[in-house]
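Presented below is the structure to which this report refers.
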Amino acid sequence: MAKSALSSEAGTTEESRTISTHPAASPVVPSMVTPAMATDLHLPDGLAVGSGAPEGAPAVVPPSVESVDDDFIAAGGHPTHVHDFHQFLYVPLGRIVITALGRDYELSPSVALWIPAGIPHSARFDLDSLFVVETFTTERHHLPYTETTVVNVTDAQRRMLLGRMRCSESHHDDSSVFAALSNGHPDCLPLPQPTSRAASTVARELIRMPSDPRTATEWAESLYTNSTSLRRAFRAETGLAFSEWRTRLRLNHSLDLLAQGHLVSTVAARVGFVSTNGYILAFRKYFDQTPGAYVRRSSPASAA
C-alpha cells in the first residue's frame, strides 16, 4: 500500500527528510499539489498530501530532493532548486510557469514538462492551480532529453496521470509510466490545444487531417462563427496564431513520415504544404536544419 506523499515540487521539511531516510520507506503515490492545501493542512506553503493516500499515514518523499528553506517556499511558487532525479510536471488545472536556465515554460492541460536531473529551476503558479509530479531515478531510467523540454500530452497520457492521482497503489519511479510518458517523438514541437467549441473542433479535424487546406475564414464559415473570433480563440487559448499552430502541427506529423523513409517532396504534400520549398523553409525555421539534414542526423547509420 502506497503511503501518503508529503510533496513539494521544490523541497522537503525537516520531518519529511527524517522519515525519508528510513531504508524501508514505502514508495509514494504521484503528487497532486495545490497551494491552498498547505494552509488547510498546516504545512509550509507549497507542500501537500498526495492524492488517494490512507488518512493518517506517515509522510514520505522522494529521498533526493534538494533542500530549500521552508521560509522561502511561498504559496505562489518555489525558489530555484535542483533534483538528482528526472521530473515530469503536468498541470490539469490552472497555470504554472517553470523557469529553467533563464527560460520560462508555461504549462497547460495539453502540454507538460520534462526536467532532467541536475537542471536548476523555479516555479510560479496561480493559487487555484493543480499540478501532478512524477519522478524517476537516473539509475533506472534513461531520459531522451538532456534539456528542459515541453511535450504534448495525449488523451491516453492525461487519463493515466489523472487515474494515478486517485489510486493509492500508484508508485513513483514506475517503469511503465516512464515509458508511457517518454515515448513521444523527442523533436515534436509543443502544441497546446484550444478549449473553446469552435477552435477545438478545428484542432481535432486538423489533427485527423493536417493537409486540410481551409483557411481560418473558411473554417469559421463551416462552423457558423466569426473568423476573427476563431483566430482570437487560438491566440488566447494556445498562445499561437492559427497559422502558426497549423504549421507546427504539420511539421510534427512530418517527423514520423520522414522517419518512415518518405521523400521530402512526398512528406511536404502529405502534410499540407503547397510546395516542397515552403516545407523546407518552415522546417529550417523551427528545427534549424533542412529535412534532409535531419534525416541524415537521425538515421541509425549516422548515430553509429
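Positions are given from 1 along the sequence.
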Give, for atom [atom1] of [X] and atom [atom2] of [Y], the distance between the pair rounded to the nearest 0.5 Å.
X: Met209; Y: Arg214; atom1: CE; atom2: CZ; answer: 9.0 Å
X: Leu107; Y: Ile96; atom1: CG; atom2: CD1; answer: 6.5 Å
X: Leu249; Y: Leu189; atom1: CG; atom2: CG; answer: 10.0 Å

Residues, nucleotides or ligands: over 12 heavy atoms within 6.0 Å of [X] [atom1]:
X: Arg197; atom1: CZ; result: no
X: Arg232; atom1: CZ; result: no
X: Gln289; atom1: CD; result: yes

Could you tell me if the side chain of [Y] sits less than 4.5 Å from the side chain of [X], heavy atoms only?
X: Pro192; Y: Ser110; answer: yes
X: Tyr294; Y: Arg284; answer: no
X: Ile115; Y: Ile98; answer: yes
X: Val132; Y: Leu89; answer: no
X: Val91; Y: Pro109; answer: no
X: Leu206; Y: Trp219; answer: yes
X: Pro120; Y: Thr80; answer: yes
X: Leu161; Y: Phe88; answer: yes

Under a 3.5 Å threshold, yes or no: a donor from one side chain and an acceptor from the other, between [X] and [Y]?
X: Ser254; Y: Tyr279; answer: yes
X: Thr148; Y: Arg103; answer: no
X: Arg296; Y: Thr290; answer: no
X: Ser176; Y: Asp174; answer: yes

Taking a hydrophobic cluster as the set of Ile, Leu, Val, Met, Phe, Trp and Tyr residues connected by side-chain heavy atoms closer than 4.5 Å, whether directly or through intermediates, do [X] and [Y] fall within one such cluster?
X: Phe273; Y: Leu263; result: no
X: Ile119; Y: Val150; result: yes
X: Leu281; Y: Val274; result: no
X: Leu93; Y: Met160; result: yes
X: Leu113; Y: Leu191; result: no

Mutual orientation of the aromatic rings belonging to Phe234 and Phe242 [parallel < 30°, tilted 30-60°, perpendicular > 60°]: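 Rings of Phe234 and Phe242: perpendicular, as their planes differ by over 60°.
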Using the ring centroid of each side chain, check whether [X] and [Y] are separated by less than 6.0 Å.
X: His121; Y: His81; answer: yes
X: Phe85; Y: Phe136; answer: no
X: Trp114; Y: Tyr90; answer: no

Check against side chain to side chain contact (heavy atoms under 4.5 Å, CB included), Gln193 and Trp245: CA-CA 9 Å; Gln193 299 298 303; Trp245 191 94; 3.7 Å; yes
Side-chain donor or acceptor of [X] paired with backbone N/O of [Y] under 3.5 Å:
X: Glu205; Y: Val202; answer: no
X: Ser182; Y: Phe178; answer: yes
X: Ser200; Y: Ser196; answer: yes
X: His262; Y: Val267; answer: no
X: Asn152; Y: Cys188; answer: no
X: Gln87; Y: Thr135; answer: no

Chi angles and distances behind the side-chain hydrogen bond (donor to acceptor under 3.5 Å, both in side chains) call for Ser211, Arg270: CA-CA 6 Å; Ser211 59; Arg270 287 184 60 174; over 6 Å; no
Contact summary for [X] and [Y], nearest pair of heavy atoms:
X: Pro210; Y: Arg250; value: O-NE, 2.8 Å
X: Pro92; Y: Leu162; value: CB-CD2, 3.8 Å
X: Pro213; Y: Arg246; value: O-NH1, 4.1 Å
X: Glu134; Y: Leu181; value: CG-CD1, 4.3 Å
X: Ala241; Y: Arg235; value: CB-NH2, 3.4 Å
X: Arg248; Y: Pro190; value: NH1-O, 2.9 Å

